[in-house]
Participant: 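Below: one structure in structure tokens.
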Protein chains: 2
Amino acid sequence: MSKLKPAPTLDDVAKQAGVSTATVSRCINTPDRVVEATRKRVQSAIEALGYTPNFAARVMAAKRTFTIGAIIPTMDNAIFARGLQAFQEELRKHGYTLLVSSSAYKPETEEEQIRTLVARGADGLLLIGHDRAPHIYDFLEQRQIPALVAWSFAAEGKLPSIGFDNRQAMFDLACKVIGLGHRRLAMISGITRGNDRARLRLEGARDAIRHHGLDPAALQVVETPYEIENGAEAFSGLMSQDTPPTAVMCGNDVLAAGALLRAQDMGLKVPQDVSITGFDDIELARLLRPGLTTVHVPHREMGGKAARALIEMVEHSTPGTGERLHTHIVERQSLSPAP
Amino acid sequence: MSKLKPAPTLDDVAKQAGVSTATVSRCINTPDRVVEATRKRVQSAIEALGYTPNFAARVMAAKRTFTIGAIIPTMDNAIFARGLQAFQEELRKHGYTLLVSSSAYKPETEEEQIRTLVARGADGLLLIGHDRAPHIYDFLEQRQIPALVAWSFAAEGKLPSIGFDNRQAMFDLACKVIGLGHRRLAMISGITRGNDRARLRLEGARDAIRHHGLDPAALQVVETPYEIENGAEAFSGLMSQDTPPTAVMCGNDVLAAGALLRAQDMGLKVPQDVSITGFDDIELARLLRPGLTTVHVPHREMGGKAARALIEMVEHSTPGTGERLHTHIVERQSLSPAP
DNA sequence: AGTTGAAATGTAAGCGCTTGCATTTTCCAT
DNA sequence: ATGGAAAATGCAAGCGCTTACATTTCAACT
């Protein structure tokens with residue numbers, strides 16, 4: 001019944017204001033290049049018509065989207081939530097919009113998402129970690145898409161990175177565990193294939209074993225996807241051996257939460273019977289009982305700095321500079337001296 | 001130094017394959033309208049060139065984006081994570097991409113995001129809850145943008161909704177609390193302004209008070225934003241009164257987690273000294289100790305159904321049909337009979 | 001009043017794709 | 001072989017915007 005007016009266009013506004021489309025465009029994009037009186041007239045035309053610029057058309061004409069894409073391994077748990085939130089907030093301050101997608105920890109999916117985001121005209125990309133097929137880096141370079149890695153710092157990476165030293169951080173934590181007298185250790189690691197953060201964390205733990213002159217066999221390792229249930233399963237597998245570990249280090253807080261939960265279900269007291277540690281210091285770590293001893297990662301700082309660095313790359317076509325952020329151990333109650 | 005080839009276009013592919021651009025376009029969009037041999041030739045040209053269609057151009061020409069926008073109040077905690085994940089997965093199955101943004105619980109921001117998403121050509125919109133300024137509904141209608149509400153069911157809403165009955169659910173929970181003998185009750189509610197979920201949950205609790213013939217003053221109410229710290233603060237405020245409540249119902253699990261944590265810090269035993277309940281049944285509810293008694297919301301089901309309903313609306317221009325989903329109380333350890 | 005350069009505005013050419021319509025090719029029944 | 005309908009392909013007009021370049025307007029000087 002009702003007439004369907006199509007969305008108003010620049011032309012409609014121009015006509016209504018009695019100016020050319022170029023002037024309307026300038027009013028929107030470079031207001032100072034238009035005289036006051038005209039600007040006002042255009043402004044009221046815009047309001048009268050309820051005009052909103054068509055994004056796709058603008059992109060086509062201007063070759064800029066003011067959009068930054070980010071591909072994170074998962075949205076499901078809180079690991080990336082705070083850092084990404086900070087990233088988005090900083091972007092917003094500079095007039096950029098964030099497009100997020102998740103790769104579900106699958107390299108193929110990540111590649112597809114990268115292509116999608118590039119096709120959508122992302123001015124820049126935020127990627128997590130350094131491990132990915134070389135041809136992806138080639139693609140990015142060929143297309144001249146500024147990209148930055150976060151959550152993992154590597155001075156000599158293909159892309160600049162803003163992150164921390166996963167290996168060193170886990171090394172420090174493992175040293176602390178060993179220093180507390182633990183000699184039968186286990187690590188519940190994330191899947192290391194295609195995931196340098198997981199791999200480096202595991203390496204860091206191994207470094208510590210070596211550093212303290214312990215038998216490499218003193219560290220049992222289980223690899224499993226980052227999910228609560230998997231942490232729980234891995235934990236019970238580990239603890240139902242004849243001589244179970246006295247400390248279980250987890251590749252991240254989610255896995256640790258699963259372990260902790262399962263420990264309680266098994267009637268094991270943490271930390272009296274077994275110590276558990278995490279990594280990331282997500283909010284959950286503070287909420288669990290006992291509180292989780294873990295590695296604190298400066299998520300918000302990382303997100304904010306990554307945003308600024310990426311914008312710098314996009315706007316000035318600079319190669320971009322990385323930065324190594326500091327982590328520290330947060331001691332709560334889940335780690336204590338070996339029994 | 002290196003030559004910067006611009007991204008290959010349809011024209012390049014057409015030239016390389018020796019066909020017209022129309023044929024290349026058809027190869028991509030309607031492969032069955034192109035003969036086998038041609039299709040192969042085009043396909044290899046695409047691969048040889050590393051061609052990716054330009055999204056903005058496609059949108060301009062086709063007036064379709066295969067993009068659905070969603071505006072959620074927050075990404076910061078897990079309240080919307082699972083439902084949204086399911087929503088996205090279902091969308092993906094049907095070839096749609098999800099664009100998410102968060103309004104930070106601010107109506108003005110929500111409106112801005114709606115406009116942005118529409119400008120970006122979203123084929124449809126997912127909104128949370130029914131409370132918003134009428135002119136937003138007018139805008140959506142005028143622009144003919146299919147939109148659906150989730151997380152709150154209302155048969156007579158301006159937009160179809162796929163959600164549950166917040167009021168009834170909280171009523172049921174409150175009845176259970178009262179049935180356990182609690183007579184001094186408190187509710188830590190989310191901010192009700194512009195948030196029908198929060199408002200209806202509070203109403204439900206009040207309904208229960210009335211239903212059991214209790215003095216309305218038997219229910220103390222504190223309104224505070226949905227953040228852990230606020231839940232904690234509200235809780236200590238409530239408990240440091242002369243005759244504190246014996247049961248504190250929280251507007252959601254995040255608030256409840258804060259309350260629980262603070263209770264422990266205050267040396268209060270839950271549920272012996274005070275009972276605490278939540279709402280939503282996010283993962284956290286299961287991880288806390290004691291486990292949180294809460295209202296289970298079928299997040300994944302809701303997300304999946306919302307996606308299907310919205311796609312239906314988009315593709316067939318139907319008005320869309322809502323659905324009321326069922327919730328149920330999950331009993332864990334944080335609620336027990338009054339002391 | 002007449003110049004003149006700067007500021008404001010207008011003109012129009014694309015940006016890369018889809019799609020209605022026109023044209024050519026294919027293939028079958030005759 | 002051949003006519004003709006159906007299938008395949010080509011042609012070209014936009015989609016709504018930005019921006020280089022052309023033109024007009026304006027104000028400040030002679």
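Order of the sequence lines sets the chain letters (A, B, ...), proteins ahead of strands, with each chain counted from 1. A quick note: this is a predicted structure, and the numbers were derived from the prediction, not measured.
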Participant: With rounding to the nearest 0.5 angstrom, report the CG to CG distance, Leu140(B) to Leu125(B).
Facilitator: 6.0 Å
Participant: What is the separation between atom CZ on Arg58(B) and atom C1' on dT19(C), rounded to the nearest whole Å?
Facilitator: 14 Å
Participant: How long is the line joining CE of Met60(A) and C1' of dT19(D), in whole Å?
Facilitator: 14 Å
Participant: Here's a test of your reading of the structure: between Arg33(B) and Lys63(B), which maps to the more 5' nucleotide of DNA chain D?
Facilitator: Arg33(B)
Participant: Please report, rounded to the nearest Å, how far the P atom of dT11(C) is from the CG atom of Leu10(A).
Facilitator: 15 Å
Participant: Grab the CZ-P distance between Arg39(A) and dA8(C) for me, whole Å please.
Facilitator: 9 Å
Participant: Rounded to whole Å, how long is the line connecting atom CZ of Arg64(B) with atom C1' of dT19(C)?
Facilitator: 15 Å
Participant: Using a distance-only test with no angle check, is there a side-chain donor-acceptor pair under 3.5 angstrom linking Asp11(B) and Thr21(B)?
Facilitator: no
Participant: Any side-chain donor-acceptor pair under 3.5 Å between Arg143(B) and Thr52(A)?
Facilitator: yes
Participant: Start at the 5' end of DNA chain D and walk down; is the nucleotide closest to Thr21(B) or to Arg26(A) reached first?
Facilitator: Thr21(B)
Participant: Side-chain donor-acceptor pair under 3.5 Å between Glu315(A) and His94(A), yes or no?
Facilitator: no
Participant: Rounded to whole Å, please give me the gap between CD1 in Ile28(A) and P in dC17(D).
Facilitator: 8 Å
Participant: Please state how far atom CG in Asp11(B) lies from atom P in dT18(C), giving the value in whole angstrom units.
Facilitator: 12 Å
